[in-house]
Amino acid sequence: MTTDLIRYDLLVQEALRSVLRRVLADAARDGLPGNHHFVIAFRTDAPGVRVPNKLRERYPQEMTIVLQHEFWDLTVGEQAFEVRLNFDRKPEILVIPFDAVTGFFDPAVEFGLKFEMATEPAGAAPAVAAPQAPAPRPASPEKTKPRGSGSEPAEINPKQPDLAEAAKPAEAKAAAKTAQKSEETPSDTPAKVVSIDAFRKK
């Protein structure tokens, strides 16, 4: 499978967070329209989250807030939003980065969004790298040779054949063929007989 170098997953998450940012900004400016209200879940251990210590102790990883009737001072920025809510009849200010939001739901129209964490939470366990395989030991020369049929070692650099030796059988074969042809085909020229006396000194 081809590696996604464009990272469509990150682009989709960014687009969905822009929807959340736009909805909260409209609510901060104009208030909640009709019966719309928001249920927002976020990681309390994510970087940049500011909540009271008692809430962090009660919700060490994730908590959910509802923006419906009693919320004040909703302020929306590019990276985070801030809101004042009542907890045990005491108003508290929460600062929540958009990267810490894990879910958004509007019960009035049953519309929801689910988000993935853009960064690793501060309290999350660090990722453990997979152990690397040990480096292979250098094999002995006998084991590095290629194996032939019957698992017998084969020569890595076989000797080159002697061209002169290889040519001898071919020459002998050609000579034998020529001799055979000479015997089968009578010569048109009569044989010349030379007397031994021609070589004697006069």
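One-based numbering along the sequence shown.
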Transitive ILVMFWY side-chain link I40 to V23, under 4.5 Å = yes

request  = For F38, enumerate each residue passing the ring-ring contact (aromatic ring centres under 6.0 Å, His included) test, keeping only those at least two apart in sequence or located in another chain.
outcome  = F104

request  = Sort out for me which residue in R56, R84, K54, R50 forms a salt bridge (charged side-chain N to carboxylate O under 4.0 Å, His left out) with E92.
outcome  = K54

request  = Before giving the answer on side chain to side chain contact (heavy atoms under 4.5 Å, CB included), spell out for F87 and L94 the whole-Å C-alpha distance, their side-chain angles and the decisive distance to 0.1 Å.
outcome  = CA-CA 11 Å; F87 295 95; L94 283 68; 3.5 Å; yes

message = If you compare all heavy atoms of A28 against all heavy atoms of V76, which two are closest, and at what distance to 0.1 Å?
response = CB-CG2, 4.3 Å

ask   = Transitively linked via ILVMFWY side-chain contacts under 4.5 Å: L55 with V83?
value = yes

key: side chain to side chain contact (heavy atoms under 4.5 Å, CB included) between R21 and E78, worked out   = CA-CA 8 Å; R21 186 183 302 110; E78 187 66 23; 4.2 Å; yes

ask   = Sub-3.5 Å donor-acceptor pair from the side chain of Q61 to the main-chain atoms of T44, do we have one?
value = no

message = What I'd like to find out is whether the side chain of F98 reaches to under 4.5 Å of the side chain of L16, using heavy atoms alone.
response = no

key: Check: Y8 main-chain N/O paired with D4 side-chain donor or acceptor under 3.5 Å   = yes

task = Might you point out which heavy atoms bring L67 and L32 nearest each other, and give the distance in Å?
result = O-CD1, 3.4 Å

task = Mind running side chain to side chain contact (heavy atoms under 4.5 Å, CB included) on V19 and R17 for me, showing each step along the way?
result = CA-CA 5 Å; V19 173; R17 284 190 168 87; over 6 Å; no

task = Evaluate salt bridge (Lys or Arg N to Asp or Glu O under 4.0 Å) for D88 paired with R58, printing each intermediate quantity in order.
result = CA-CA 13 Å; D88 298 330; R58 188 183 305 176; 3.5 Å; yes

message = Could you check whether any side-chain N or O of N86 sits under 3.5 Å from a backbone N or O of R89, counting only pairs where one atom can act as donor and the other as acceptor?
response = no

inquiry  = Side-chain heavy atoms nearer than 4.5 Å, only ILVMFWY residues, links allowed to pass through others: does that put V101 and F111 together?
reply    = yes

key: Test item: side-chain donor near acceptor, T102 and E62, under 3.5 Å   = yes

query = What do the steps show when you test F42 against V51 for side chain to side chain contact (heavy atoms under 4.5 Å, CB included), and what is the final call?
reply = CA-CA 11 Å; F42 65 96; V51 297; 4.2 Å; yes

